[in-house]
> 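Please see the structure below; I have some questions.
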There are 2 protein chains.
Amino acid sequence: MATIRELARHCGVSVATVSRVFNTPEVVSQATRQKVEAAAAEIGYLPNESARTLATKKSNTIGLVWDIDHRRSGWRHPFLQEILVALKTALSAHGLHLLLLATGADGPDRHLRSIQRHNLDGVVLIDNGSRDPAVLGLAEAGIPCVALDLPLTGPRCTYVTSDNHGGAREAVSYLLARGHRRIATITGPARTGPGADRLDGFRAELAARGVPLPAEYVAQGDFYLDSGRNAMRDLLLLDTPPTAVFAAGDEMAVGAMQAATEAGLRVPAHVSIVGFDDIELAALIPPGLTTISQDRAGFGTAAAEALIAMIQAPEDAPPPSPIILPTSLVRRGTA
Amino acid sequence: MATIRELARHCGVSVATVSRVFNTPEVVSQATRQKVEAAAAEIGYLPNESARTLATKKSNTIGLVWDIDHRRSGWRHPFLQEILVALKTALSAHGLHLLLLATGADGPDRHLRSIQRHNLDGVVLIDNGSRDPAVLGLAEAGIPCVALDLPLTGPRCTYVTSDNHGGAREAVSYLLARGHRRIATITGPARTGPGADRLDGFRAELAARGVPLPAEYVAQGDFYLDSGRNAMRDLLLLDTPPTAVFAAGDEMAVGAMQAATEAGLRVPAHVSIVGFDDIELAALIPPGLTTISQDRAGFGTAAAEALIAMIQAPEDAPPPSPIILPTSLVRRGTA
DNA sequence: CGGGGGTATGTAACCGGTTTCAGGCAGCGT
DNA sequence: ACGCTGCCTGAAACCGGTTACATACCCCCG
């Protein structure tokens with residue numbers, strides 16, 4: 001690898017000039033700039049990132065902190081790949097690199113250290129509902145930070161999430177329009193933003209339309225398949241079982257479909273089901289899961305944009321406002 | 001952030017000694033070591049990665065190069081998340097960081113530059129079948145490199161893949177044991193390792209058992225759902241349609257199931273289907289897809305181990321041999 | 001023709017570590 | 001007492017960039 005001094009000697013200028021060609025080309029004369037650029041291309045010079053980071057204290061790198069310990073938490077992300085693609089694409093367009101940090105693998109607190117050690121310019125946080133204090137502390141650490149599906153705010157910290165409240169209302173509204181009046185829900189964990197917001201929206205729409213909601217129509221789930229199946233079993237055992245169920249996640253909706261089938265019921269003839277997420281499976285499982293679709297790539301893109309805005313903004317800029325992505329209902333066979 | 005000089009002054013030793021405490025603790029006396037360690041903990045000293053990388057030319061970081069441009073290639077990885085988890089976990093255990101590089105987003109060649117600019121210690125390559133020359137060139141660049149599902153070898157380059165050949169043979173063997181003699185296959189793209197190997201295995205097992213394979217029983221697919229559906233439609237239109245189909249990927253198997261259903265056939269009563277991959281959907285779609293399961297986490301773990309071994313080995317060590325992960329048949333409802 | 005202002009470039013300090021090399025010191029044998 | 005050895009420590013060069021500051025030069029104007 002050629003160094004800046006070699007390149008400088010090679011074309012008879014000082015290292016400062018070479019540096020300027022790459023960083024503030026407008027201050028160097030046309031002639032020398034072209035001379036340096038040509039020589040750089042010829043000998044294949046590439047500025048060393050570590051040296052640059054050391055000198056400027058900016059790494060042009062953002063960290064993705066993600067709880068990896070799915071053995072313990074059982075957590076899997078429904079759209080991780082899409083988010084990664086969108087995030088990386090948007091960051092690359094601004095010359096930013098992406099470093100993967102994992103709370104599970106790196107140990108508690110370790111990612112905070114990593115952020116300092118690497119001079120990271122910002123962080124995006126994928127929520128796992130762990131409420132890890134070290135993760136939450138990031139919001140106050142002053143480093144630009146955007147959380148996904150986790151309502152974290154601070155002077156240089158914001159979050160992006162879907163319109164879970166509105167999506168849930170739309171689902172309920174749709175079921176009401178189809179004539180249902182006995183509508184139950186299978187919730188996500190209350191400690192997660194989406195879990196809480198979808199339940200709120202569900203309640204809000206029923207209340208707004210004057211439809212009663214018996215307490216036993218709210219069944220607790222954890223976003224995973226088995227919890228949906230169990231919850232549905234319980235719902236079907238009620239004296240007056242619901243005619244429609246809004247599951248706060250597609251996996252649970254699939255579990256609910258299985259429970260209904262096992263109980264000898266047909267979907268949607270005997271019971272309607274609406275999910276949330278629009279995972280791949282939703283389109284493939286017969287008769288097709290009606291669900292609320294999220295803007296999967298939007299998470300990554302919005303996170304990148306928010307981060308870049310915060311990085312470029314002055315230290316004391318007003319805190320950014322949260323980004324709420326729109327949802328949309330996808331009609332398929334289950335409702 | 002405290003620097004090494006501050007820490008040195010703080011406890012009355014030289015910077016060299018502090019550095020040794022962190023890198024070669026065995027050469028510094030017990031007394032000073034403890035003194036330095038205590039002071040480091042007290043003032044929260046953390047060595048700066050960039051400075052370290054600059055001085056040693058080793059970054060303790062490995063790059064994950066991954067073709068992100070799925071808009072063009074339509075490529076999605078079935079187990080990306082599991083691979084990421086296993087890879088990151090294994091790397092973290094050895095103190096290595098993970099940097100995401102994307103051929104689609106970073107532009108052609110850009111990841112090669114990134115590798116040099118960042119002094120990456122190694123690279124893992126997730127194949128997308130693109131045959132990108134810059135990617136393939138990595139094998140010769142001398143940097144430790146392990147490819148996933150792509151038979152790439154070199155002095156410091158190896159790969160990990162499933163036993164695609166054996167898995168395919170097992171699938172065929174199972175169908176033969178169930179009494180089938182008219183067995184067709186839906187292949188993956190021949191340019192991909194798994195696509196080619198699964199077809200080879202399919203052919204080999206039939207040949208070994210003396211079962212004839214008409215040319216029209218080999219239908220071309222591309223691993224995605226639609227191709228499976230189309231291929232199956234064609235197969236069912238033959239004069240003597242197969243009684244069983246081995247699809248080289250689960251998505252195609254699901255497509256094949258759809259085509260069979262659309263043609264008024266029942267699976268497995270009229271036609272049996274075996275897939276490959278054991279994606280999540282396989283267990284959930286009725287009546288459950290019989291398929292060949294891969295060691296998903298094994299990809300990440302094996303890649304990390306191979307990489308670490310290469311990094312620690314002397315430059316002229318013999319090239320590592322490829323890692324072939326075992327597969328296993330999962331019996332469900334379709335065969 | 002001399003001075004002022006603006007522009008392009010160079011010099012050298014600095015970022016925070018690692019590492020070579022030299023030297024101090026204690027212990028030991030003679 | 002002397003020299004030798006081995007262990008521990010420190011001084012300083014170095015990694016490859018950035019940037020504050022100084023300087024050289026040119027042009028224009030009074």
Side-chain angles (χ1 to χ4, degrees), chain A residues 1-40 43-61 95 97 113-121, chain B residues 1-40 43-61 95 97 113-121:
Chain A
M1 280 300 302
T3 73
I4 198 174
R5 284 168 232 271
E6 285 168 4
L7 177 54
R9 190 161 32 76
H10 190 79
C11 52
V13 300
S14 73
V15 294
T17 300
V18 174
S19 178
R20 284 190 275 256
V21 166
F22 285 90
N23 296 298
T24 48
E26 62 277 7
V27 308
V28 31
S29 76
Q30 178 102 353
T32 50
R33 188 196 321 169
Q34 289 175 348
K35 184 170 56 176
V36 171
E37 280 168 351
I43 71 176
Y45 167 76
L46 292 174
N48 180 296
E49 284 291 341
S50 301
R52 197 201 280 261
T53 299
L54 180 57
T56 60
K57 298 171 181 307
K58 310 189 77 279
S59 61
N60 293 317
T61 302
H97 305 116
R113 292 156 181 269
S114 278
I115 292 169
Q116 299 175 317
R117 292 165 63 120
H118 284 101
N119 294 109
L120 295 188
D121 296 338
Chain B
M1 279 301 304
T3 73
I4 198 173
R5 283 168 233 271
E6 286 168 4
L7 177 54
R9 189 161 33 75
H10 190 80
C11 50
V13 300
S14 72
V15 294
T17 299
V18 175
S19 179
R20 283 190 274 256
V21 166
F22 285 89
N23 296 299
T24 50
E26 62 278 7
V27 308
V28 31
S29 75
Q30 178 100 354
T32 49
R33 187 196 322 169
Q34 289 176 348
K35 183 170 56 175
V36 171
E37 281 167 351
I43 71 177
Y45 167 75
L46 292 175
N48 180 296
E49 284 291 342
S50 301
R52 197 201 279 262
T53 299
L54 180 58
T56 60
K57 297 170 181 308
K58 310 189 79 279
S59 60
N60 292 318
T61 302
H97 305 117
R113 291 156 182 268
S114 278
I115 292 168
Q116 300 175 318
R117 292 165 64 119
H118 284 102
N119 293 109
L120 295 188
D121 296 337

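Below, chains carry the letters A, B, ... as their sequence lines are ordered, and counting in each starts from 1. These numbers come from the heavy atoms of this one structure, side chains and all, not from hydrogens, waters or symmetry mates.
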> Rounded to whole angstroms, how far apart are CD on A:Gln116 and C1' on C:dG16?
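Atom-to-atom, A:Gln116 to C:dG16, this comes out as 15 Å.
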> Give a yes or no answer on whether the side chain of A:Glu6 reaches the backbone of A:Thr3 with a donor-acceptor pair at less than 3.5 Å.
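Flag set: sc A:Glu6 to bb A:Thr3 pair under 3.5 Å.
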> Would you say the base of D:dG10 and the side-chain of B:Arg20 have a donor-acceptor pair closer than 3.5 Å?
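Flag set: donor-acceptor pair detected.
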> Output the rounded distance in Å from CG (A:Asn48) to C1' (D:dC15).
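That distance rounds to 9 Å.
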> Ignoring hydrogens and angles, answer whether the base of C:dG17 and the side-chain atoms of B:Arg5 contain a donor-acceptor pair closer than 3.5 Å.
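Between C:dG17 and B:Arg5, which were checked side chain against base, a qualifying N/O pair under 3.5 Å is present.
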> Tell me the interatomic distance from A:Met1, atom CE, to D:dG17, atom C1', rounded to whole angstroms.
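Rounding to the nearest Å, CE of A:Met1 and C1' of D:dG17 are 12 Å apart.
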> Counting any heavy atom closer than 4.0 Å, what does B:Phe22 reach on the DNA or RNA strands: base, sugar-phosphate only, or nothing?
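Answer is nothing: B:Phe22 stays at 4.0 Å or more from every strand.
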> Does a side-chain N or O from B:Ser19 land closer than 4.0 Å to OP1 or OP2 of C:dT19, or not?
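So the side-chain polar atoms of B:Ser19 never come under 4.0 Å of the phosphate oxygens OP1 or OP2 of C:dT19.
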> Round to a whole Å and report the spacing from CG of A:Asn60 to P of D:dT18.
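From A:Asn60 CG to D:dT18 P: 11 Å.
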> Using OP1 and OP2 only, check whether a side-chain N or O of B:Lys57 sits under 4.0 Å from D:dG16.
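Yes, because at least one side-chain N or O of B:Lys57 sits under 4.0 Å from OP1 or OP2 of D:dG16.
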> Which part of the nucleic acid does A:Val13 contact within heavy-atom distance under 4.0 Å: base, sugar-phosphate only, or nothing?
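Sugar-phosphate, no base atom in range.
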> Could you give me the CA-CA distance, side-chain angles and deciding distance for B:His10 and B:Ile43, then say whether side chain to side chain contact (heavy atoms under 4.5 Å, CB included) is met?
CA-CA 9 Å; B:His10 190 80; B:Ile43 71 177; 3.9 Å; yes
> With heavy atoms under 4.0 Å as the rule, sort B:Thr32 into base, sugar-phosphate or nothing.
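Sugar-phosphate, no base atom in range.
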> D:dG16 P sits how many Å from A:Leu54 CG, rounded?
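So the two atoms are 12 Å apart, to the nearest Å.
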> Quick check: do B:Asn23 and B:Arg52 have side-chain heavy atoms less than 4.5 Å from each other?
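Side chain of B:Asn23 against side chain of B:Arg52, heavy atoms only: contact under 4.5 Å found.
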> Choosing from D:dT18, C:dT18, C:dG16, which nucleotide comes nearest the side chain of A:Ile4?
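Nearest listed nucleotide: D:dT18.
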> Check the distance between D:dA20's C1' and A:Asn23's CG and give it to me in whole angstrom.
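Going from CG in A:Asn23 over to C1' in D:dA20 covers 15 Å.
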> OP1 or OP2 of D:dG17 versus the side-chain N and O atoms of A:Thr56: is any pair under 4.0 Å?
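No, outside the criterion.
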> More 5' along DNA chain D: B:Gly12 or A:Val18, using each one's nearest nucleotide?
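Looking at the nearest nucleotide for each, B:Gly12 comes out on the 5' side.
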> Side chains of A:Val13 and A:Lys35, heavy atoms from C-beta outward: is any pair under 4.5 Å?
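A side-chain contact exists here, since the closest heavy-atom pair is under 4.5 Å.
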> So, B:Thr53 side chain and B:Glu49 main chain: donor-acceptor pair closer than 3.5 Å or not?
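Present.
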> Contact class for A:Thr53 vs. all strands (heavy atom < 4.0 Å): base, sugar-phosphate, or nothing?
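The residue A:Thr53 makes no contact with any strand.
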> Report yes if at least one side-chain N or O of B:Ser14 is closer than 4.0 Å to OP1 or OP2 of D:dG10; otherwise report no.
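For D:dG10, OP1 or OP2 has a side-chain N or O of B:Ser14 closer than 4.0 Å.
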> With heavy atoms under 4.0 Å as the rule, sort A:Leu46 into base, sugar-phosphate or nothing.
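Contact class for A:Leu46: sugar-phosphate only.
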